[in-house]
Amino acid sequence: MGTAKGALRLGGRTLVERAVDAAAPVTEVVVLVGRPGPLVPAASWGEVVTTLEDPPFGGPVAGLAAGVAELAGRPDSDEVLVLPVDVPDVAGVVAVLVAAGTGPDGAVATDSTGRPQYLMGRYRLGAVRRRLEALGGVRDVSMRRWGSALDLAAVPVADDLLRDVDTPAQAAAAGVDPG
């Protein structure tokens, strides 16, 4: 796309700011994995921590592990939201996830075919930690491999809420400025 997806703008906010806007009212700490660039905080934001997996570009599970490492002092009973920054209607996804019930390990958004979208979930922190540990290494591990072993409630989410922006055409269709 020529621009980091989180820096794309919609409604006067970057996509990463929109993700924090969506998560902040329902969580005490937001951990951003990556290099978000300058952020314009909203009044609803609490603590926002930024981290990066080491080495960088290790894939989404490596990013998840880096984010969870920032929550080392939090109890296993805490819940965490896992969200991507390239979903324009991330607030809609969060609303559905927060309203849904959970399984023993949490809840995951599913598309109209029932396929889990593990980058959009509400998880028990202890379950996330145990699953990361069970994997051994996390570099280049798929979210499907990580999430498929968890006992999660499937939460149907409308496909239009789940759409992401990977191309300029998808960005334009979602009303996102492709930079």
Side-chain angles (χ1 to χ4, degrees), residues 1 5-6 8 10-11 13-34 53 58-68 71 74 76-135 138-167 169-176:
M1 296 241 313
K5 289 191 267 184
L8 298 174
L10 176 64
R13 304 284 283 156
T14 66
L15 292 184
V16 72
E17 289 166 345
R18 292 173 63 86
V20 179
D21 291 346
V26 296
T27 188
E28 292 176 22
V29 179
V30 174
V31 179
L32 295 173
V33 180
E53 69 269 24
V61 175
L64 177 63
V68 167
L71 301 173
R74 311 290 302 191
D76 282 350
S77 59
D78 276 6
E79 285 189 347
V80 294
L81 284 172
V82 174
L83 302 169
V85 298
D86 64 345
V87 174
D89 200 355
V90 68
V93 174
V94 169
V96 174
L97 286 170
V98 168
T102 63
D105 295 334
V108 63
T110 59
D111 65 18
S112 61
T113 69
R115 184 176 176 165
Q117 305 298 309
Y118 294 111
L119 279 172
M120 294 181 231
R122 182 175 143 210
Y123 304 104
R124 299 220 192 310
L125 184 55
V128 174
R129 287 175 173 148
R130 285 187 297 278
R131 183 63 188 128
L132 289 169
E133 186 176 316
L135 286 171
V138 294
R139 185 164 181 80
D140 298 324
V141 172
S142 72
M143 287 300 289
R144 182 175 305 176
R145 181 171 167 220
W146 171 79
S148 64
L150 295 172
D151 188 358
L152 303 168
V155 179
V157 177
D159 287 346
D160 62 328
L161 295 180
L162 297 174
R163 72 176 174 205
D164 59 4
V165 291
D166 291 328
T167 67
Q170 289 171 331
V176 174

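What you are looking at is a predicted structure, and each value in this text was computed from that prediction instead of being measured.
- Using a 4.5 Å heavy-atom cutoff, the side chains of L150 and V108 are not in contact.
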Start with the C-alpha gap between Y118 and L152, add the side-chain angles, then the distance that decides, and say whether side-chain contact (heavy atoms from CB on, under 4.5 Å) holds. CA-CA 10 Å; Y118 294 111; L152 303 168; 3.8 Å; yes
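- Taking both residues in full, the closest heavy atoms of A65 and V138 are given as CB-CG2, 4.0 Å, listed atom of the first, atom of the second, then distance.
- For D105, there are no side chain to side chain donor-acceptor pair (under 3.5 Å) partners two or more places apart in sequence or in a different chain.
- No donor-acceptor distance shorter than 3.5 angstrom exists from the side chain of R13 to the backbone of R18, with no hydrogens or angles considered.
- Minimum heavy-atom separation, A66 to V33: CB-CG1, 4.5 Å.
- G101 approaches V155 most closely through the heavy-atom pair O-CG2, 4.4 Å.
- Summarising the geometry, atom CG belonging to L97 is positioned 11.0 Å from atom OG1 belonging to T102; distances are rounded to the nearest 0.5 Å.
- Side-chain N or O atoms of S142 include one that pairs as donor or acceptor with a backbone N or O of R145 at under 3.5 Å.
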Walk me through it: do L71 and D78 pass the test side-chain contact (heavy atoms from CB on, under 4.5 Å)? CA-CA 10 Å; L71 301 173; D78 276 6; over 6 Å; no
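- The distance from atom CG of L64 to atom CG of L135, rounded to the nearest 0.5 Å, is 9.5 Å.
- Across every non-hydrogen atom of V176 and P88, the tightest pair is CG2-CG, 3.9 Å.
- Pairs engaging residues 147-165 under the side-chain hydrogen bond (donor to acceptor under 3.5 Å, both in side chains) rule: S112-D159 [sequence neighbours left out].
- Note that CD of Q117 and OG1 of T110 are 8.0 Å apart. Values are rounded to the nearest 0.5 Å.
- A pairwise comparison of heavy atoms in A19 and P84 identifies CB-O, 4.2 Å as the closest pair.
- With hydrogens and angles ignored, the 3.5 Å screen pairs a side-chain donor or acceptor of R124 with a backbone N or O of P104.
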Intermediate values then yes/no, side-chain contact (heavy atoms from CB on, under 4.5 Å), V87 and M120: CA-CA 10 Å; V87 174; M120 294 181 231; 3.8 Å; yes
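- A donor-acceptor pair under 3.5 Å is absent between the side-chain atoms of E53 and the main chain of A62, judged by distance alone.
- Looking at R122, its side chain does come within 3.5 Å of a backbone N or O of A100 through a donor-acceptor pair.
- Here L119 contributes atom CG and L162 contributes atom CG; the two are 11.5 Å apart, rounded to the nearest 0.5 Å.
- Contacts of D76 classified as salt bridge (charged side-chain N to carboxylate O under 4.0 Å, His left out), with partners at least two apart in sequence or in another chain: R129.
- Considering every non-hydrogen atom in both G175 and L10, the closest pair reads O-CD1, 3.1 Å.
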Kindly determine whether L125 and V68 satisfy side-chain contact (heavy atoms from CB on, under 4.5 Å), including the steps that lead there. CA-CA 8 Å; L125 184 55; V68 167; 4.1 Å; yes
